[in-house]
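Worksheet: one structure, shown below.
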Amino acid sequence: MATFKDFRNSVKPNWCPGCGDFSVQAAIQRASANVGLEPHELAVISGIGCSGRISGYINSYGFHGIHGRALPIAQGVKMANRDLTVIASGGDGDGFAIGMGHTVHAIRRNIDVTYIVMDNQIYGLTKGQTSPRSDVGFKTKSTPEGSIESSLSVMELALTSGATFVAQSFSTDLKELTSLIEQGIQHKGFSLINVFSPCVTYNKVNTYDWFKENLTSLKTIENYDPANRMQAMQTLMEHNGLVTGLIYQNANQPSYQQLVHGYSDQPLADSDLMMSEDKFKELVAEFM
Ligand SMILES: Cc1ncc(C[n+]2csc(CCOP(=O)(O)OP(=O)(O)O)c2C)c(N)n1
Ligand code: SF4
């Protein structure tokens, strides 16, 4: 049986020392081993950003896609080969700016993919511009006078988009993050895990200390029930979205794969895609 070490490869991450993304990588490797996966049973698909490099640092199938397009690729991989566990990942810019359309539609589609967002409230790779997750007043190179746009409430947005699994964590809490990723992988449907993963180089406001002071663990909220969508929404609004833990799960809704018509018993990846010349001519004749 594989251990987390089997999900390591020889590529040394070039993240800045102290970047939150290191822990996210470790949590994915641990969670994958803990749920009993072997490296060849996992595909990690990422977008572009510092966080997007993660697919290159895990020993599994991987695809480093284009900015904001991790989810379309991940959904295609899952549809073609349902036997793979598919994790999509990237930054808050990747998933909540350029890729936001894909995020919302993947959520409502409830396709069996786990989406892990490394949310540092800034664009790291391009050297520190405001992201849709930056707070009002946040000064960066792109907003020298401070951001005048409000921060996107992504967890609330996920709930109203029909999400069946919504969780949030902090990269320093490796134990909780690993457990949430395990639950996300095991969830039959789309799971969104937003991870506060500080950018130590460009974000001098939302630091490790800032998160420690401002985050509330759902474990400390009496009678919190992740099956209760109304309570999830209310709790998020009361805490300005700054909560950690499993926020909401509906395990009863069928996934996209369970509902889609004509989903063959044989995965596309195992199918013989060769077509006989006679069959080809027959198909072409239909259009003549
Ligand atoms: C289509 C396209 N637009 C813009 C860019 C430039 N670009 C690369 S990464 C990035 C944002 C990075 O921020 P985020 O997704 O939050 O990831 P981080 O680097 O913070 O991990 C941008 C705008 C690009 N590569 N492709
Ligand atoms: S710039 Fe920020 S997000 Fe990118 S590797 Fe460095 S600390 Fe991490």
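Just so it is clear, the structure is predicted and the values come from calculations on it, not from any experiment. Numbers here simply count residues along the sequence, with the first being 1. When a ligand or atom number is given, it counts from 1 through the structure's own listing order.
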> At under 4.0 Å between heavy atoms, which part of Asn120 makes contact with ligand 2: side chain, backbone, both or neither?
Replying inline: side chain

> For atom 2 (Fe) of ligand 2, what's the nearest protein heavy atom and its distance?
Replying inline: Cys199 SG, 2.3 Å

> Considering residues, nucleotides and ligands other than Glu149, do more than 12 of their heavy atoms fall under 6.0 Å from its CD?
Replying inline: no

> Which heavy atom of the protein is the closest neighbour of atom 8 (Fe) of ligand 2, given with residue, atom name and distance?
Replying inline: Cys19 SG, 2.4 Å

> Which atoms from ligand 2 have a heavy atom of Tyr202 less than 4.0 Å away?
Replying inline: 1 (S)

> What distance do Ser131 atom OG and Asp94 atom CG have between them, rounded to the nearest 0.5 Å?
Replying inline: 11.5 Å

> Looking only at heavy atoms, which two atoms of Leu152 and Met100 are closest? And how far apart?
Replying inline: CD2-CE, 3.7 Å

>> Show the nearest heavy-atom pair for residues Asp270 and Gln266, with the distance to one decimal.
In response: O-NE2, 3.2 Å

Distance dump, ligand 1 polar atoms to protein, N/O, under 3.5 Å:
unit_1   : atom_1 : unit_2 : atom_2 : d
ligand 1 : 15 (O) : Gly93  : N      : 3.4
ligand 1 : 15 (O) : Asp94  : N      : 2.8
ligand 1 : 16 (O) : Asp92  : N      : 3.4
ligand 1 : 16 (O) : Asp92  : OD1    : 3.2
ligand 1 : 16 (O) : Gly93  : N      : 2.8
ligand 1 : 16 (O) : Ile122 : O      : 3.3
ligand 1 : 19 (O) : Cys50  : N      : 2.8
ligand 1 : 19 (O) : Gly124 : N      : 3.3
ligand 1 : 19 (O) : Leu125 : N      : 2.9
ligand 1 : 20 (O) : Asn120 : OD1    : 3.4
ligand 1 : 20 (O) : Asn120 : ND2    : 3.0
ligand 1 : 20 (O) : Ile122 : O      : 3.2
ligand 1 : 20 (O) : Gly124 : N      : 2.9
ligand 1 : 21 (O) : Cys50  : N      : 3.4
ligand 1 : 21 (O) : Ser51  : N      : 3.0
ligand 1 : 21 (O) : Ser51  : OG     : 2.7

>> Minimum heavy-atom separation for Arg133 and Ser151, please, with both atom names.
In response: O-OG, 3.3 Å

>> Counting only heavy atoms not in Lys141 (residues, nucleotides, ligands), do more than 12 fall under 6.0 Å from its NZ?
In response: yes

> So does Cys16 have any N/O/S atom less than 2.8 Å away from atom 6 (Fe) of ligand 2?
Replying inline: yes

> Would you find more than 12 non-hydrogen atoms of other residues, nucleotides or ligands less than 6.0 Å from Tyr208 atom OH?
Replying inline: yes

> Near Val200, which atoms of ligand 2 are under 4.0 Å from a heavy atom of that residue?
Replying inline: 7 (S)

> In the protein, what heavy atom is nearest to atom 4 (Fe) of ligand 2, and what distance, to one decimal place, separates them?
Replying inline: Cys50 SG, 2.4 Å

> Atom CZ in Arg109, atom CD in Gln257: separation rounded to 0.5 Å?
Replying inline: 11.0 Å

>> As an exercise, identify every atom of ligand 2 less than 4.0 angstrom from a heavy atom of Thr201.
In response: 6 (Fe), 7 (S)

>> For the aromatic rings, using the six-membered ring if either is Trp, is the centroid distance between Phe170 and Phe196 under 6.0 Å?
In response: no

> Is a donor on one side and an acceptor on the other found under 3.5 Å between the side chain of Lys139 and the backbone of Ser147?
Replying inline: no

